[in-house]
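These numbers come from the heavy atoms of this one structure, side chains and all, not from hydrogens, waters or symmetry mates. Keep in mind it's a predicted model, so treat the numbers as computed, not measured.
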Amino acid sequence: QTLIDQYGADTARLFMMFAAPPEQSLEWSDAGVEGANRFLRRLWKAVHDHVETGILEPYSGGALSPQTQDFRRQLHQTIAKVSDDIERRKQFNTAIAAIMELMNAMAKLEASDARPVKQEALEAVTLMLAPIVPHICRSLIKVLKPGACLMGATWPVVDDSALARDEIELMLQVNGKLRGKIKVAVDADKDSIEQAALASPEVQKFMEGKPAKKVVVVPGRLVNVVV
């Protein structure tokens with residue numbers, strides 16, 4: 001009750017559900033309580049800062065800059081994860097962690113075309129957090145969508161097209177040690193991946209002019225150049 005009096009019921013709920021899975025014992029942490037409250041304050045500020053420049057419809061289609069496209073991919077990956085964590089796995093702590101990561105990514109999103117995607121993200125975050133912190137979410141959904149309410153809202157749906165990638169990122173290793181990263185087309189063949197890896201400045205630096213004995217490509221993960 002002291003915690004609720006000081007921080008509100010939502011902070012108490014968020015702390016308890018984030019600190020441990022429901023079936024495990026909970027180790028009390030004053031710092032954890034304060035952290036939960038800080039996150040809710042950041043969420044509140046993010047929503048109000050966003051709507052200060054005008055309410056708009058969430059993103060519904062069209063070209064996006066690479067930065068915004070990457071963020072929207074993370075948004076729909078988060079929706080998929082949170083949906084599974086809450087409905088099937090009953091792991092609220094990992095669902096909350098994924099939403100916190102998404103909010104951190106949004107704070108760094110500065111692309112000029114990002115506002116409709118931020119609207120989409122903030123609406124989705126509010127709905128995903130509603131079972132956990134219903135009081136603040138009931139207020140925030142009305143700010144984001146005047147006239148809306150949680151009772152009439154539907155759970156966010158994953159947009160499969162947002163998850164599609166034109167490029168993938170591969171780790172670069174030289175003699176088994178991580179030396180950098182490269183981006184290649186999703187459908188790039190083994191030869192083109194090898195050529196891109198050998199041409200990268202990071203790999204050339206650590207090859208020190210020596211020839212490659214072997215190039216090992218692990219699809220979707222890494223390229224290891226053996227010298």
Side-chain angles (χ1 to χ4, degrees), residues 18-21 24 27 29 31-32 35 38-39 42 63-86 88-89 91-114 117-118 120-121 124-125 128 158-227:
F18 180 59
Q24 295 182 13
E27 183 176 343
S29 166
R38 282 196 304 272
F39 171 73
R42 285 199 303 271
L64 294 173
S65 65
Q67 184 190 21
T68 305
Q69 192 173 33
D70 287 346
F71 173 75
R72 190 164 187 266
R73 183 180 300 111
Q74 183 178 352
L75 165 61
H76 285 272
Q77 289 171 340
T78 303
I79 293 173
K81 175 173 175 50
V82 171
S83 300
D84 186 57
D85 283 351
I86 291 179
R88 182 181 67 86
R89 298 179 66 237
Q91 297 294 305
F92 301 101
N93 54 329
T94 54
I96 294 167
I99 293 172
M100 288 178 171
E101 289 178 12
L102 181 69
M103 291 299 296
N104 288 338
M106 191 175 72
K108 300 173 184 175
L109 183 60
E110 298 177 350
S112 58
D113 62 345
V117 176
K118 285 185 177 181
E120 180 187 17
V125 165
M128 289 188 292
V158 175
D159 181 356
D160 291 331
S161 67
L163 303 178
R165 292 177 180 267
D166 297 325
E167 293 182 322
I168 57 173
E169 190 173 71
L170 303 178
M171 299 296 108
L172 288 177
Q173 294 180 343
V174 178
N175 288 342
K177 294 183 178 180
L178 183 62
R179 299 303 188 187
K181 303 174 183 178
I182 55 168
K183 287 187 177 182
V184 298
V186 171
D187 57 355
D189 59 24
K190 183 174 181 290
D191 288 342
S192 61
I193 293 174
E194 287 183 8
Q195 291 170 12
L198 291 171
S200 75
E202 293 93 341
V203 168
Q204 289 185 358
K205 174 183 176 182
F206 289 97
M207 287 177 69
E208 299 176 339
K210 300 172 185 175
K213 287 185 178 180
K214 183 168 60 173
V215 180
V216 179
V217 177
V218 181
R221 293 183 58 194
L222 60 86
V223 184
N224 182 33
V225 179
V226 181
V227 298

Output the distance between atom [atom1] ([X]) and atom [atom2] ([Y]), rounded to the nearest 0.5 Å.
X      : Y      : atom1 : atom2 : answer
Leu109 : Thr68  : CG    : OG1   : 5.0 Å
Lys118 : Leu75  : NZ    : CG    : 13.0 Å
Lys181 : Met171 : NZ    : CE    : 4.5 Å
Gln69  : Arg165 : CD    : CZ    : 10.0 Å
Lys183 : Asp166 : NZ    : CG    : 11.0 Å
Leu172 : Leu222 : CG    : CG    : 9.0 Å

Is any side-chain heavy atom of [X] less than 4.5 Å from a side-chain heavy atom of [Y]?
X      : Y      : value
Leu170 : Val184 : yes
Arg179 : Val203 : no
Lys81  : Thr94  : yes
Phe206 : Lys177 : no
Ile79  : Met128 : yes
Glu194 : Val217 : yes
Leu198 : Met207 : yes

Do you know which two heavy atoms are closest between [X] and [Y], and how far apart they sit?
X      : Y      : value
Asp85  : Ala95  : OD2-N, 3.4 Å
Phe39  : Met103 : CE1-CG, 4.0 Å
Ala162 : Arg72  : CB-NH1, 3.3 Å
Ile168 : Gly220 : CD1-CA, 4.1 Å
Ser200 : Ile182 : CB-CG2, 4.0 Å
Gln74  : Ala105 : OE1-CB, 3.3 Å

Would you check if the side chain of [X] reaches a backbone N or O of [Y] as a donor-acceptor pair within less than 3.5 Å?
X      : Y      : result
Arg73  : Ala164 : yes
Asn175 : Val227 : yes
His76  : Asp159 : yes
Asp113 : Ser65  : yes

Other residues, nucleotides, ligands: >12 heavy atoms within 6.0 Å of Glu110 CD: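 Open.
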Over 12 foreign heavy atoms within 6.0 Å of CZ, Arg89: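 Enclosed.
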Check against side-chain contact (heavy atoms from CB on, under 4.5 Å), Ile86 and Phe92: CA-CA 6 Å; Ile86 291 179; Phe92 301 101; 4.0 Å; yes
